[in-house]
2 protein chains.
Amino acid sequence: MADGASDGVMTVKDRHAALHETLRQRICLLDYPPATHLSEIALAKEFGTSRTPVRRVLARLEEEGLVQSVHGVGTIVTDADITELEQAYRLRVELTALTGTLDPVMPGDVFFKRLQALIDRAFEMGVSGTPRSFTELDMDVFQTLLELTANDPLRQVLERLYYQTKRLWLVRAIKAELDLEDEYRIFRHELEAIQIALQSGDLGAVAQVQRAHISMSFNRLVRRRSEDATG
Amino acid sequence: MADGASDGVMTVKDRHAALHETLRQRICLLDYPPATHLSEIALAKEFGTSRTPVRRVLARLEEEGLVQSVHGVGTIVTDADITELEQAYRLRVELTALTGTLDPVMPGDVFFKRLQALIDRAFEMGVSGTPRSFTELDMDVFQTLLELTANDPLRQVLERLYYQTKRLWLVRAIKAELDLEDEYRIFRHELEAIQIALQSGDLGAVAQVQRAHISMSFNRLVRRRSEDATG
DNA sequence: TTATCGTAAGATGTGCACAACTCGGCAGGA
DNA sequence: TCCTGCCGAGTTGTGCACATCTTACGATAA
């Protein structure tokens, strides 16, 4: 995990970042499913601190739309509702396209090796992987591909939108409301397409491939929903 | 100001929002110039509360890049440096264009009256307006035009980028490093162009006009900077 | 039996005291 | 004269006690 400084010292902001990342992971991997009540006291005890730093992280998570704090009630994990997140999803589609035009960065050899390792992971999992393990892989892929742009504000916004919307897929996948075999196959195909575009040196194409797949993924989520409604 | 609920009650989140808006205004209007040390105790005393709520707001302002807190040193207003904000500015340009394609909203009569009032304000100020009063007008215009899209995440990101980048102009304008007469004239022209596009019912055109002017404004800032460097 | 009110438990929000940290100034010695 | 080390004022970060608020449960009366 990100310990922060290379000295081994754990400064204040590092603790904050680590706790934030941990809780975000738990929420987005559904360790804390929607409507879960998070206890500030319990979290403080678990991480060996007091409520004060925990409250700061929870406030940030609330800004990011992952939890909601209500006075006298508790801090509740927000619902992953597709109608509420449609706007965020569509914005994410457009911002992903901007990755190819706003400060694109041609990566070095290390990046290509990491990408190959991710592709290998995807093929090793095959159809045996659980929705959760596939989401973990997807998160690693996302963080990796984020390095293809040097535009920091864009990266921050994309990261926020990614974690806001990612739970939609996992919730549906666990409820077996998605054709997992299809999802896995398409994902592997996307990774290969990205690799091909990268080897061509066309970062704009990489962005367009991602954009197309995010858009299609959302459409599959919506389609399944409307089918359920009519059926 | 935004008191929040219509009951007249001042709930917790309303206090938070009001304090946040106030401090953001003071920073962006240069009441707190860059490098100003903000005292948590002084702010707490001024707003009749304790350090705790003030710290929460300052943490949010730090997330937004307007201040920076360092343990043992203080909470300092960040510098408005054009090289660091160039990425944010270019992202803002592209996101403004998305206003016309992501959930555009055709406004009603009330909106047109408000826009006309803003245009009147711009013409009344003429060349006598101070850079500060023009910035205040620009902020009102921005908040008004933000209503042309119903995409909430887009609005949030645009608002954040706006307040991050707006200080650049005001700093230069106060130092008389900009041709104010030009700036004012172009601004009035932009407002009229937006009005024309709106009356044509073309929200995409409105977005493109804004995009063009934001891009040009940035170019003027950069040009003036490079001239100073060479001269 | 049912409706209603009061009360207590438990949550977040606030205030305050103290810990941890930085930096300027000053004294002392080489 | 300059360098070094120490100290103290001032700031943010943390912990804890209390205030405030919501909700569920149960007693009580119709």
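Labels below follow one simple rule: chain letters A, B, ... track the order of the sequence lines, proteins then strands, and each chain is numbered from 1. Since this is a predicted model, take the numbers as computed values, not measurements. All values below come from the heavy atoms of this structure, side chains included, with hydrogens, waters and symmetry mates left out.
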Charged N-O contact under 4.0 Å between [X] and [Y]:
X        : Y        : result
B:Arg114 : B:Asp140 : no
A:Glu136 : A:Arg132 : yes
B:Arg92  : B:Glu86  : no
A:Arg155 : A:Glu159 : no
A:Glu94  : A:Arg211 : yes
B:Glu183 : B:Arg172 : no

Roughly how many Å is it from [atom1] in [X] to [atom2] in [N], rounded to a whole number?
X       : N      : atom1 : atom2 : result
B:His37 : D:dT11 : NE2   : P     : 10 Å
B:Ile41 : D:dT12 : CD1   : C1'   : 10 Å
B:Asp14 : D:dC21 : CG    : P     : 14 Å
B:Leu38 : D:dG10 : CG    : C1'   : 15 Å
A:Arg51 : D:dT14 : CZ    : C1'   : 13 Å
B:Arg15 : D:dC21 : CZ    : C1'   : 14 Å
A:Leu19 : D:dG13 : CG    : C1'   : 15 Å
A:His16 : D:dG13 : NE2   : P     : 11 Å

- Query: salt bridge (Lys or Arg N to Asp or Glu O under 4.0 Å) between B:Glu177 and B:Arg223: does it pass, once the steps are laid out?
  - Reply: CA-CA 11 Å; B:Glu177 293 180 358; B:Arg223 181 188 323 252; over 6 Å; no

- Task: Name the residue closer to the 5' end of DNA chain D, choosing between A:Val70 and A:Gly48 according to the nucleotide with the nearest heavy atom.
- Result: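 It is A:Gly48 whose nearest nucleotide is closer to the 5' end.
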
- Starting at the 5' end of DNA chain D and moving along, which residue's nearest nucleotide shows up first, A:Lys13 or A:Gly72?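 This one resolves to A:Lys13.
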
- Message: So B:Leu58, base contact, sugar-phosphate only, or nothing? Heavy-atom distance under 4.0 Å.
- Response: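 Result for B:Leu58 = nothing.
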
- Task: Give me the first and last nucleotide of DNA chain C, going 5' to 3', that has any atom under 4.0 Å from a heavy atom of chain A.
- Result: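 So the outermost contacting nucleotides come out as C:dG10 to C:dT14.
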
